[in-house]
There are 2 protein chains.
Amino acid sequence: MPEIISQSYTRADEAFDCLQTAIVKGDLSPGEKIGEVELCARFNLTRGPLREALGRLESRGLLVRRPHAGVKVVSVSTEELMELYRIREVMEGLAARQAAERMTDTEIADLYATLDSHETMIEQAQGQAYYQAEGDYDFHHRIATGSRNTKLAQMLLGDLYYMVRMYRYRLSTASGRPHMALGEHRRIVEAIAQRDGELAEFLMKRHINAARQNIERKIQQGGLTI
Amino acid sequence: MPEIISQSYTRADEAFDCLQTAIVKGDLSPGEKIGEVELCARFNLTRGPLREALGRLESRGLLVRRPHAGVKVVSVSTEELMELYRIREVMEGLAARQAAERMTDTEIADLYATLDSHETMIEQAQGQAYYQAEGDYDFHHRIATGSRNTKLAQMLLGDLYYMVRMYRYRLSTASGRPHMALGEHRRIVEAIAQRDGELAEFLMKRHINAARQNIERKIQQGGLTI
DNA sequence: AGTCCATGGATTGTTGACAATAAGGTTGTG
DNA sequence: CACAACCTTATTGTCAACAATCCATGGACT
C-alpha cells in the first residue's frame, strides 16, 4: 500500500481511489451486486468512509445505487462508449485550441520531450499495449491541463478519462495503432507550438474521431463484446 | 418540505439537494468557512448523511474541502464563468447536432410548444428575468435529453447547468436579451425539425457564444463583480 | 399447479460517541 | 515590541451499535 506523503489523506480518499481503480481495472464486474460489508473486508475499511466514497463514485457515474438495494458497477454498452468518444472529440478539441493559446513555451517543450520518450518506448516495447495506452493518456493529460480551463480539465481528467480507461481494460485493446497515433500527436503538438488554435482543434477532433472509428471497426470485426 | 413520492429518498439525497440549492441560490456565501455541525443544525440533519452529500458536492466541484480544515463554497471568478460558457458552447453544440439526428417527432413538437409558451410568458411578464431564465433552462434541458447521449446529458444537467445558475444568481442578471434569445432558439428548433444536425450545432454554438459575450459586456460596463 | 401474500433474514441507512488533527490564542524569549 | 513555540480547543475524521427497508423463501389460497 503506497503511503502517500503530501498531506493528510483520509480513509474516504483511500476508499475512493481503491474503488475507482478496482472498477477501472475490472476487478469489480459490472452488474455484479456487491455488499458494503464485503467491500469493507476487501479493502480494510469501515462503512463510514466507504459510504462517502460510494457517494462520490455514484456522482461520477461509475456505479449506480438504489436505496436499500445495494450498489452495482455501471453496466456499459458499445453505444455508450461511442458516445463517450463523441464527447471527448468536442471537449478535447476545445482543450487543444485553448492549449495552443495559453501553454507556456516550457510546457510545449515538455510536450515535445514526452512525445520523443513515447516514441522510444513504443520502439523498445513493441506491441506492449500498456505503454501505448499510458503514453496516450500522458499526452492528453498534458493538453487538458495546458488549456488553463479549470473546469474543462476537471471534467476530462476526473470523469471522462476514467470512463474511457475502464472500457479499454474491458476490451483489452489499447487503440492498437501506435505509430499512426504518434504521428497525429506530433502534428497536434506542432500546431500548438505555432499557436494555431484552430488547427490544433481540428487535428485533435480528427485524432479522436479516428480512434473512435478504429475501436468501432474492431468491435464489429472481432465481435468484441463488453 | 416537498415530500417526494416516487421512491425512498434517503437523508443523504435530501442533504445533497438542500446544499446544492443553497449554494446555487447564494444562501451559502463563497469562501465562507462553514462548520459541519452548523450545517447540520441548519438543515436538520446528522453528520453522516451530511458528509456523504459533501463528498458528492466536492466531486462535482461546487465546494472545496481540505482535510481537517473544513469546507467552503467554491469561490468564483469572471474568467471561470467565461470558461464555463466555452465548455457549454462545444458540448451543447454536440447536443444540438445529436438531437437533430435522434429526437422523435413528438419531442420536436413539444419543443415548438414550449417555445410558444415561453414567448407568451415573456410578453406577459415583461422584464421578469426569472421567467426568461426558466424558459431558457427548459429549452436547453430538452435538447440535452433529446440528444440521447446519456453521459452528455448527465454532464450538462448534473454539472454545468447548476454552475451556470449559481453564477446567474450572483450576477442577478438573466442574460437580459429575451426576444433575441427567443429568435435564436426558434431557429435552432427549425434546424432540428429539418434534421439538419450541422446547422443546429452551428446555431447553438453561436447562440451560446452570443450569451457569453453579452454577459462579458455587461460585466465590463457595469463593473459587475461576483 | 401457479400466484399471491406474509414473515424472516440480511443488508442498507442512520445515529451518537470517540479519536485524531489542525487552527488560534497565549506565553515566553530575543 | 515582535516572533516563535507551545498548548488548548474546537472541528473534522472514524468507528461501532441501532433502526428502517427490501429481498427471498415458504406457505396458503384460487
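Not measured: the values here are computed from a predicted model. Just so we're on the same page: letters track the sequence lines, and every chain starts at 1. Computed over heavy atoms, backbone and side chain alike; hydrogens, waters and symmetry mates excluded.
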Enumerate the protein-to-nucleotides 10-17 of chain D contacts in which both atoms are nitrogen or oxygen and the separation is below 3.5 Å.
residue, atom, partner, partner atom, Å
dT12(D), OP1, E36(B), N, 3.3
dT12(D), OP2, E36(B), N, 3.1
dT12(D), O3', H68(B), N, 3.3
dG13(D), OP1, H68(B), N, 3.4
dG13(D), OP2, E36(B), OE2, 3.4
dG13(D), OP2, R51(B), NH1, 2.4
dG13(D), OP2, R51(B), NH2, 3.3
dG13(D), N7, R47(B), NH2, 2.7
dG13(D), O6, R47(B), NH1, 3.1
dT14(D), OP1, R11(A), N, 2.4
dC15(D), OP2, T46(A), OG1, 2.3

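For DNA chain C, each stem of at least three Watson-Crick or G-U pairs (distances under 3.5 Å) is given as range with range: C:1-30 with D:1-30.
A side-chain donor from one of E83(B) and Q98(A) sits under 3.5 Å from a side-chain acceptor of the other. In this model, a donor atom of one side chain and an acceptor atom of the other lie less than 3.5 Å apart for D136(A) and H185(A).
The distance from atom CD of E14(B) to atom C1' of dT14(C) is 13 Å, rounded to the nearest whole Å. A straight line from CG of L54(A) to P of dT12(C) spans 9 Å, rounded to a whole angstrom.
Between E216(B) and the options R212(B), Q220(B), Q213(B), a side-chain hydrogen bond (donor to acceptor under 3.5 Å, both in side chains) holds for only R212(B).
Note: H140(A) and H207(A) have parallel aromatic rings, judged against thresholds of 30 and 60 degrees for the angle between ring planes.
Residues R102(A) and N149(A) come closest through the heavy atom pair NH1-N, 4.4 Å.
For Y137(A), the ring pair (Phe, Tyr, Trp, His ring centres under 6.0 Å) partners are H141(A), Y161(A), not counting sequence neighbours.
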Inset, instruction - Verify side chain to side chain contact (heavy atoms under 4.5 Å, CB included) between M82(A) and I215(A), making sure each step is shown before the conclusion. - result: CA-CA 9 Å; M82(A) 296 298 106; I215(A) 291 179; 4.0 Å; yes
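Side-chain atoms of S59(B) do not come within 3.5 Å of backbone N or O of G55(B) as any donor-acceptor pair.
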